[in-house]
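For reference, the structure discussed in these notes is given below.
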Amino acid sequence: MPTTLDQARTALRASGALTLPGRRSPGSKILSVQLWVLIVLTGGLAVGSVVMIIVAYANGIFVNPLGFGVPLMAGGMCLAAWRARLWHKSYADKELLPVVFAPRGFIIAGIGPIPWHDVAPIQQSESGETLMLSQSGLHNVSALTVTQRRLLRTTGGNLLNGWRGRAIAPPSVKDMSRAESMRLFATAHRMFWRQPQQVHASQHQQHPAQQQHQQHPAQPRQGPHA
């Protein structure tokens with residue numbers, strides 16, 4: 001398996017397709033840590049407050065009834081944080097799905113294949129942080145679910161006709177930086193990008209033998225004369 005940008009480019013050009021393991025985005029890792037911290041803090045507060053109430057009763061100390069709300073509130077927050085962690089784990093696991101570059105399109109986080117013409121042409125000198133979408137890409141990305149748009153890390157806004165993504169982040173590839181992933185995507189994009197009309201034409205292009213058969217159809221055979 002290619003582990004560097006040069007090796008990945010060589011493998012892509014040699015085989016005409018490439019599959020690499022994905023990796024979690026930095027924001028996803030940070031959120032995972034924050035949820036664990038919240039679970040520990042709220043869980044500790046819930047358990048600690050229950051212990052304090054029990055000790056207080058054992059020593060004959062009056063406990064305000066409102067004090068019982070502390071463990072309930074902390075327990076509820078801990079449960080909510082745990083459920084959020086489970087949801088985020090299923091989301092983050094999708095980021096680890098293979099990143100695929102193929103003639104039909106590319107696949108990120110299990111979404112695709114996304115046609116190459118959905119991304120605007122990338123200039124040789126371009127080293128931006130996002131991939132600008134073409135008109136077809138704007139239409140197709142806006143039709144995705146909220147979770148799918150988050151996995152593609154789209155940028156956009158709320159317009160009159162609904163949510164419209166304007167760009168997506170380059171795929172996160174294991175053992176590659178964001179800039180390296182961007183350059184690898186640019187290489188694949190220049191290899192496979194075609195206008196939608198060209199794609200449509202190639203899909204309907206017929207073999208010369210088929211065209212000749214249609215132009216000169218076989219005459220029906222006649223039976224023997226009586």
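What you see below is based on every heavy atom in this structure, not just the backbone, and it leaves out hydrogens, waters and symmetry mates.
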Can you name the closest pair of heavy atoms from [X] and [Y] and give their distance?
X: Met176; Y: Ala8; value: CE-CB, 3.6 Å
X: Arg149; Y: Val141; value: CD-O, 3.6 Å
X: Thr187; Y: Arg13; value: CG2-NH2, 3.7 Å
X: Arg153; Y: Ser25; value: NH1-CB, 3.9 Å
X: Ser172; Y: Val99; value: O-CG2, 3.8 Å
X: Pro98; Y: Thr19; value: CB-CG2, 3.6 Å

Co-membership, hydrophobic cluster, residues Leu5 and Leu12, 4.5 Å side-chain: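 Linked, Leu5 and Leu12 end up in one cluster.
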Transitive ILVMFWY cluster of [X] at side-chain heavy atoms under 4.5 Å: who else is in it?
X: Val50; result: Ile54
X: Ile107; result: Val100
X: Val47; result: Val51, Val55
X: Val33; result: Val37, Leu41

His117 side chain vs Trp193 backbone, donor-acceptor pair below 3.5 Å: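 Absent.
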Side-chain donor or acceptor of Ser134 paired with backbone N/O of Ala120 under 3.5 Å: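 Not confirmed, Ser134 side chain does not pair with Ala120 backbone.
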Pairs touching residues 33-62 that satisfy side-chain hydrogen bond (donor to acceptor under 3.5 Å, both in side chains), sequence neighbours left out: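 Qualifying pairs, neighbours excluded: none.
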side-chain contact (heavy atoms from CB on, under 4.5 Å) involving Leu151 - partner list, sequence neighbours excluded: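 If we apply the side-chain contact (heavy atoms from CB on, under 4.5 Å) test to Leu151, skipping adjacent residues, the hits are Tyr91, Lys94, Glu95, Ala109, Ile111, Thr147.
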Test side-chain contact (heavy atoms from CB on, under 4.5 Å) applied to Arg104 - qualifying residues, sequence neighbours left out: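 Pro113.
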Residues which pass side chain to side chain donor-acceptor pair (under 3.5 Å) with Asp93, listed by chain and number, not counting sequence neighbours: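 Arg24, Lys89.
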Thr145: side chain to side chain donor-acceptor pair (under 3.5 Å) partners, not counting sequence neighbours: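 In terms of side chain to side chain donor-acceptor pair (under 3.5 Å), with neighbours along the sequence ignored, Thr145 is linked to Gln148.
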With Phe101 via ring-ring contact (aromatic ring centres under 6.0 Å, His included) - residues at least two apart: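 Scan of Phe101 (ring-ring contact (aromatic ring centres under 6.0 Å, His included), adjacent residues dropped) gives none.
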What pairs of donor and acceptor atoms, side-chain ones from residues 68-87 against any protein atom, are under 3.5 angstrom apart with sequence neighbours left out?
none

Aromatic plane relationship, Phe106 with Phe185 - under 30° parallel, 30 to 60° tilted, over 60° perpendicular: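 Rings of Phe185 and Phe106: perpendicular, as their planes differ by over 60°.
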